[in-house]
Amino acid sequence: MVNVKELNHVFDYKKAITTTIDDVLHKFTRDNSGSIKTIGPHSQLLIITQNAYIQGKINHFTHEEEENNKYFFSEGLTELGSRLESLPETMTALNLTAPLHLKDVTISPIINPDQKRELDEMILFTDQILGLSII
């Protein structure tokens, strides 16, 4: 268990792998040098869960969003951070799975891939991820 005040210092390996692969993918698709044969200029990260394939853009929170173009969940995660600050020092956290904030999401159920669902944004907890692929 971890003290709630220390949650920002907890490392989620699965989130680190996912966000790093996404960063590297964007670097190679922008470069377009063809140095890696499986990466084309339109390649995307595919997240595989137990029930669905998920495509979307990962919000890395590396830059400030424009004032008129904010995403609801990024605001919610900011609010969560300020609420954690007000919790008692003795409170501990049980579930340390990190969330991924996804934008422009397409969910394709594995059982029925024709029933795709499109969402503006989504939070995916990393304990749901079984694998990653590039498509």
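Keep in mind that this is a model prediction, so the values were computed, not measured. Positions are given from 1, in the same order as the sequence printed here.
- Annotation: side chain of Met122 is in contact with side chain of Ile107 (closest heavy-atom distance under 4.5 Å).
- In Ile111, the CD1 atom is not crowded: 12 or fewer heavy atoms of neighbouring residues, nucleotides or ligands sit closer than 6.0 Å.
- Between atom CD1 of residue Ile48 and atom CG of residue Leu132 there is a gap of 7.0 Å, rounded to the nearest 0.5 Å.
- In this structure, Val105 and Leu124 have side chains that are not in contact, with every pair of non-hydrogen atoms separated by 4.5 Å or more.
- The side-chain heavy atoms of Gln128 and Ile54, taken from C-beta on, include no pair separated by under 4.5 Å.
- The hydrophobic cluster containing Ile110 also contains Ile135, counting ILVMFWY residues as joined when their side-chain heavy atoms lie under 4.5 angstrom apart, directly or transitively.
- Partner of Ile21 under the side chain to side chain contact (heavy atoms under 4.5 Å, CB included) criterion, out of Thr18, Ile17, Asp23: Ile17 alone.
- For the atom pair CD of Gln44 and CG of Asp104, the computed distance is 10.0 Å after rounding to the nearest 0.5 Å.
- Taking CD1 of Ile58 as the reference point, atom NZ of Lys15 lies at 9.0 Å (rounded to 0.5 Å).
- Distance check, rounded to the nearest 0.5 Å: OG of Ser108 to CZ of Arg117 gives 12.5 Å.
- In this structure, Gln55 CD and Leu46 CG are separated by 5.5 Å, a value rounded to the nearest 0.5 Å.
- The environment of Lys57 atom NZ is sparse: at most 12 non-hydrogen atoms of other residues, nucleotides or ligands sit within 6.0 angstrom.
- Taking the side chain as every heavy atom from C-beta outward, Leu45 and Ile134 approach each other to under 4.5 Å.
- Expressed to the nearest 0.5 Å, how far CG of Asp127 lies from CG of Leu130 amounts to 10.0 Å.
- In this structure, Asn59 and Leu102 have side chains that are not in contact, with every pair of non-hydrogen atoms separated by 4.5 Å or more.
- Under the 4.5 Å side-chain heavy-atom criterion for grouping Ile, Leu, Val, Met, Phe, Trp and Tyr, Ile47 is connected to Val24 within one hydrophobic cluster.
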